[in-house]
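The next block holds one structure in the form of structure tokens; read it before the comments.
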There are 2 protein chains.
Amino acid sequence: MFVSTTINGIDAKGRVSVPADFRATVTGQGFAGVYVWRSPFGDYLEGGGLRLLEDLHDAIEDLDPFDPARAAHERVIFGGAKALMFDSTGRVTLPKDLMAHAGLDKQAVFIGMGQRFEIWDPKSHAETEEEALRLARENRGALKSRRRREREAQS
Amino acid sequence: MFVSTTINGIDAKGRVSVPADFRATVTGQGFAGVYVWRSPFGDYLEGGGLRLLEDLHDAIEDLDPFDPARAAHERVIFGGAKALMFDSTGRVTLPKDLMAHAGLDKQAVFIGMGQRFEIWDPKSHAETEEEALRLARENRGALKSRRRREREAQS
DNA sequence: TGATTTCCCATGGTATCCCATAGTTAACAG
DNA sequence: CTGTTAACTATGGGATACCATGGGAAATCA
């Protein structure tokens, strides 16, 4: 599971250290690296390990072959995703097009999101953080406890 | 389940012993440590074991994938949480930013809250305790007995 | 050949591991 | 009942390993 927020530097070659605990969660999934793609929802990147890609693949397989959403997902995720391998010290090099999409320059903010993570530029992240906190507080009631979910699932 | 209140010391390296009975409840959940994050509601920390995080994850999975509130919850909960592993003697090191949020210095108050716990600075905890006692007295009626809950669920 | 990219080694700082001590509770035999 | 041993909890400090980062050499591509 990906948790916590880390901010790491991007050097002149476009290399950035993937946080050690992120590396630990993808290690043993069969690919020593991460998959990263442009978020369809904003100027940031989304990423995960091999297992996430497989899960997404299965989820898309469940969609109707002629559902336009299916083609869109396939295009964005599988077409746009890059496999970034760790070097011997746990860094990856971010391709220029991905950096451009997220407005990345000198630093990258890694945000753990459970089974996936996001990469932001510090500036745009700071702008969105407050908004996220407000939304989370206002919609706290939407999160149901396990007991409540199970009770409602029965009916 | 996390119960009772314990006060432990924080050493110069930011290490603090997690109360033994807290350790006992998270042991066997698959992660030998606790997850801790800033409370959105005050100057203290909240924490729990792997099971709590998984429950929250499931609750979020229940939300619409395109609901902005869903991403907000993921960012606040998973992005804000830190995974703190026990050392061989059952301590964790509190990151500086978490200590700053809760105003922690030399001591930490661990408060069991059922399926989660809180970490307070002794000073701010004392100030809030009296207030909590008063609130609990006033809202006594909200706690329903098991019989009453089952009776109401039938109808 | 020039420009990238990939691999490899070096370094400073931090965090983790490991050992040691003291106090408390539990167990236990006399 | 009582004194002793044994286990565990909380705490302190030193050594070690790891992390993030920088730069250079070899390999690859246009």
Side-chain angles (χ1 to χ4, degrees), chain A residues 2-28 31-36 47 49 82-100 104-112 117 119-122 125, chain B residues 2-28 31-36 45 47 49 81-100 104-112 117 119-122 125:
Chain A
F2 301 106
V3 292
S4 96
T5 297
T6 315
I7 174 166
N8 280 343
I10 304 174
D11 67 14
K13 300 179 184 176
R15 295 180 300 184
V16 61
S17 279
V18 176
D21 42 340
F22 282 26
R23 291 205 300 268
T25 79
V26 301
T27 299
F31 170 63
V34 291
Y35 294 88
V36 179
K82 310 254 171 158
L84 308 180
M85 255 182 31
F86 299 141
D87 70 8
S88 59
T89 64
R91 284 179 292 196
V92 296
T93 45
L94 294 168
K96 290 194 183 59
D97 54 333
L98 292 187
M99 288 187 62
L104 293 172
D105 179 25
K106 296 247 172 279
Q107 291 181 308
V109 183
F110 288 82
I111 309 176
F117 60 85
I119 304 178
W120 290 70
D121 180 70
H125 172 246
Chain B
F2 302 107
V3 287
S4 93
T5 298
T6 316
I7 175 166
N8 280 343
I10 304 174
D11 69 13
K13 298 180 183 176
R15 294 181 300 186
V16 61
S17 280
V18 176
D21 44 337
F22 283 27
R23 291 206 300 269
T25 80
V26 301
T27 299
F31 171 63
V34 291
Y35 294 89
V36 178
L45 306 176
K82 307 251 174 169
L84 308 181
M85 257 182 30
F86 298 141
D87 69 8
S88 58
T89 65
R91 285 179 294 194
V92 297
T93 50
L94 294 169
K96 290 190 185 61
D97 52 333
L98 292 187
M99 289 187 61
L104 293 171
D105 179 25
K106 296 248 172 279
Q107 290 182 308
V109 183
F110 287 83
I111 309 172
F117 59 85
I119 305 178
W120 289 72
D121 181 71
H125 173 242

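Each chain gets a letter, A, B and so on, in the order its sequence line appears, and its residues count up from 1.
- For the pair A:Arg23 CZ and D:dC18 C1', the interatomic distance rounds to 9 Å; values are reported in whole Å.
- In this structure, B:Asn8 contributes its side chain and B:Ser17 its backbone to a donor-acceptor pair below 3.5 Å.
- Note: CG (A:Asp11) to C1' (C:dC9) measures 15 Å, nearest angstrom.
- Regarding B:Ile7, its CD1 atom lies at a distance of 16 Å from the C1' atom of D:dT9, rounded to whole Å.
- Ion pair A:Asp97/A:Lys82 flagged as a salt bridge, since at least one NZ, NE, NH1 or NH2 atom sits closer than 4.0 Å to an Asp/Glu carboxylate oxygen.
- At whole-Å resolution of the value, NZ in B:Lys96 and C1' in C:dT14 are 8 Å apart.
- What separates CE of A:Met99 from P of C:dT4 is a distance of 14 Å, to the nearest Å.
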Review item, nucleotides 17-26 of chain C N/O atoms under 3.5 Å of protein N/O:
{"from": "C:dC17", "atom 1": "N4", "to": "B:Arg15", "atom 2": "NH1", "distance (Å)": "3.3"}

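- At whole-Å resolution of the value, CG in B:Leu94 and P in D:dT11 are 13 Å apart.
- Take A:Asp87 and apply the salt bridge (charged side-chain N to carboxylate O under 4.0 Å, His left out) test, not counting sequence neighbours, and it matches A:Arg91.
- Here the P atom of nucleotide C:dT16 and the NZ atom of B:Lys82 are 11 Å apart, to the nearest Å.
- Each of B:Asn8 and A:Pro19 was assigned the nucleotide of DNA chain D with the nearest heavy atom; the assignment lying further toward the 5' end belongs to B:Asn8.
- The shortest distance between side-chain heavy atoms of B:Met99 and B:Leu45 does not fall below 4.5 Å.
- The interatomic distance linking A:Phe22 (CZ) with D:dC19 (C1') rounds to 15 Å, in whole Å.
- At least one side-chain heavy atom of A:Phe117 sits under 4.5 Å from a side-chain heavy atom of A:Val34.
- For the atom pair B:Phe86 CZ and B:Phe22 CZ, the distance stands at 10.5 Å (nearest 0.5 Å).
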